[in-house]
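All of these numbers come straight from a predicted model, not from anything done at the bench. Values reported hereafter were calculated over all heavy atoms of this structure, with side chains retained and with hydrogens, waters and symmetry mates removed.
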Amino acid sequence: MTLTKTFDRVDDISKIEGCNTRGIEYRWSTFSKVIATIPVGQNALDFGAGSLRESFDLAMRGFNVTSIDIDSELMSAYKSGYDWPANGSLHRIIAASDLTDGLSQISDQKFALVTCFDVLEHLQYPAAVLRLIEPHLTDDGKIFITVPNGRTLFELAFRFDLLLARATKRYMRPGEPHLQRNSPKKWKEIVESAGYEVLQHDMEIGFLANTAAALVQLPLTLGGRILRKLGVHVDALALSERICSRARMAAIDRIDQKTKSIFSGLYGWNLLVASPTRNRTIDEDSKSRQAKDPEPLRPSLKAL
């Protein structure tokens, strides 16, 4: 049986360093500067590990890595695609029916670092899940988070597609839909309400490049879907890549870099570094937000 590698990032770089998207090679230092301060040999948790791209990066850096996701066969297939280092680092895969089941399998193990990349937007109760992760962090542990900005054109389109799929009862693969569409401010509040202090919050994937890519990709994707139903095959992705060529997107990115101070609130992704607030005072607003956020005993969760 051929596995469908929906979230395959094997050929991309780790989000600890950046990401290749929208025809642009984005690079950032938000995470790499922090990870450089964590001693080699510590335990790291890759939560919602997907294609194991970050797990491999962490192992290469000398971390003992635990990877949690929901499909053991797919994770094993991804693992075989990397040349894992012989540096003494350990790698453990945990596959479970949902992410909370995966967390229950790590017992009382503590981690100096947790990566949670492109996961929370897929969960119904992200703050509840972050609270379940928090006890597994060491007192000075860090969690790296990436989540999309709900204000962007891509996220508006994803929300419409989700509503349409629900109305028409169209099947969506587990972990595919974005169940959250939050602003940067709201994402920060969610993290804080779960018992963390946000140490850094940056925005990446420029507004103009992200919007230009959306204006090309979204109509082509919809058109391609309609044409396939009519029996006509169109490679919408290849066509969009020709239109959004590297040269064109690089020119737009240069404008994004000069206008970030103006448009950062409309950038595509949030990059957050946070740590537990155990020995610090949580302000009353955070306590109030935490009280309002539902925390079911076992929320229904799906990973990337």
Side-chain angles (χ1 to χ4, degrees), residues 4-31 50-51 53-54 57 117-119 121-122 146-165 172-173 175-178 180-184 187 202-230 232-271 304:
T4 302
K5 296 184 176 181
T6 308
F7 302 105
D8 189 351
R9 293 189 59 251
V10 171
D11 294 328
D12 200 351
I13 67 166
S14 166
K15 279 194 170 67
I16 294 169
E17 299 288 347
C19 189
N20 300 328
T21 187
R22 317 299 188 244
I24 299 165
E25 294 185 353
Y26 288 99
R27 299 294 180 267
W28 45 70
S29 60
T30 303
F31 302 130
S51 62
R53 186 64 189 84
E54 280 66 48
D57 181 292
F117 292 146
D118 302 346
V119 176
E121 67 271 21
H122 298 268
T146 60
V147 280
N149 182 358
R151 294 173 170 176
T152 66
L153 188 55
F154 271 116
E155 291 304 308
L156 290 171
F158 292 157
R159 170 61 59 164
F160 176 76
D161 189 52
L162 174 60
L163 296 175
L164 185 62
M172 301 187 83
R173 288 182 291 273
E176 179 181 355
H178 287 192
Q180 302 291 324
R181 194 178 68 80
N182 300 312
S183 68
W187 276 121
D202 196 11
M203 302 298 297
E204 290 290 349
I205 313 301
F207 164 64
L208 296 175
N210 202 49
T211 302
L215 290 172
V216 172
Q217 291 181 23
L218 294 174
L220 287 176
T221 300
L222 177 60
R225 184 182 295 174
I226 294 172
L227 289 173
R228 282 194 298 274
K229 289 184 177 298
L230 298 175
V232 179
H233 177 72
V234 175
D235 192 340
L237 177 60
L239 183 56
S240 67
E241 288 177 348
R242 285 198 295 272
I243 297 173
C244 295
S245 66
R246 288 186 176 273
R248 292 191 183 102
M249 299 309 291
I252 295 174
D253 181 52
R254 286 193 289 271
I255 301 174
D256 272 326
Q257 292 176 32
K258 295 180 182 298
T259 58
K260 184 173 183 178
S261 61
I262 301 172
F263 296 117
S264 62
L266 296 173
Y267 269 42
W269 284 352
N270 298 264
L271 277 57
L304 281 174

Rounded to the nearest 0.5 Å, how far does CG of Asp12 lie from OG1 of Thr21? 8.0 Å
Is the His122 ring parallel, tilted or perpendicular to the His178 ring (thresholds 30°, 60°)? perpendicular
Run through Asp57, Thr30, Thr146 and flag the one making a side chain to side chain contact (heavy atoms under 4.5 Å, CB included) with Ile16. Asp57
Qualifying residues under side chain to side chain contact (heavy atoms under 4.5 Å, CB included), relative to Ala214, sequence neighbours excluded: Leu153, Phe154, Leu218
Closest non-hydrogen contact found for Trp187 with Pro148 is NE1-O, 2.9 Å
To the nearest 0.5 Å, what is the distance between CG (Asn270) and CG (Asn182)? 9.0 Å
Using every non-hydrogen atom in the two residues, find where Gly150 and Arg181 come nearest and quote the distance to one decimal. O-NH1, 2.8 Å
Closest non-hydrogen atoms of Gly23 and Met249, given as atom of the first, atom of the second and distance, are O-CB, 4.2 Å
Taking C-beta and beyond as the side chain, do Tyr267 and Asp256 meet within less than 4.5 Å on heavy atoms? yes
Sub-4.5 Å side-chain heavy-atom contact between Arg151 and Pro184: yes
Rounded to the nearest 0.5 Å, what separates atom CD in Glu121 from atom CG in Asn149? 11.5 Å
Of Arg53, Glu54, Glu204, the one forming a side chain to side chain contact (heavy atoms under 4.5 Å, CB included) with Lys15 is Glu54
In Å and rounded to the nearest 0.5 Å, what is the CZ to CG distance from Phe117 to Leu271? 7.5 Å
How far apart are the closest heavy atoms of Gly268 and Thr152, and which atoms are they? CA-CG2, 3.8 Å
Between Ile255 and Thr259, what is the shortest heavy-atom contact and its length? O-OG1, 2.9 Å
Salt bridge check: are Arg242 and Asp235 linked by an N-O gap of less than 4.0 Å? no
Locate the shortest heavy-atom distance separating Met172 from Ala165; write the atom from each residue and the value. SD-CB, 3.5 Å
If only side-chain N and O atoms count, and only distance matters, is there a donor-acceptor pair under 3.5 Å linking Arg27 with Asn20? yes
If you round to the nearest 0.5 Å, how far is CD of Gln217 from CG of Leu239? 10.5 Å
I need the Ile205 CD1 to Trp269 CH2 distance, nearest 0.5 Å. 5.0 Å
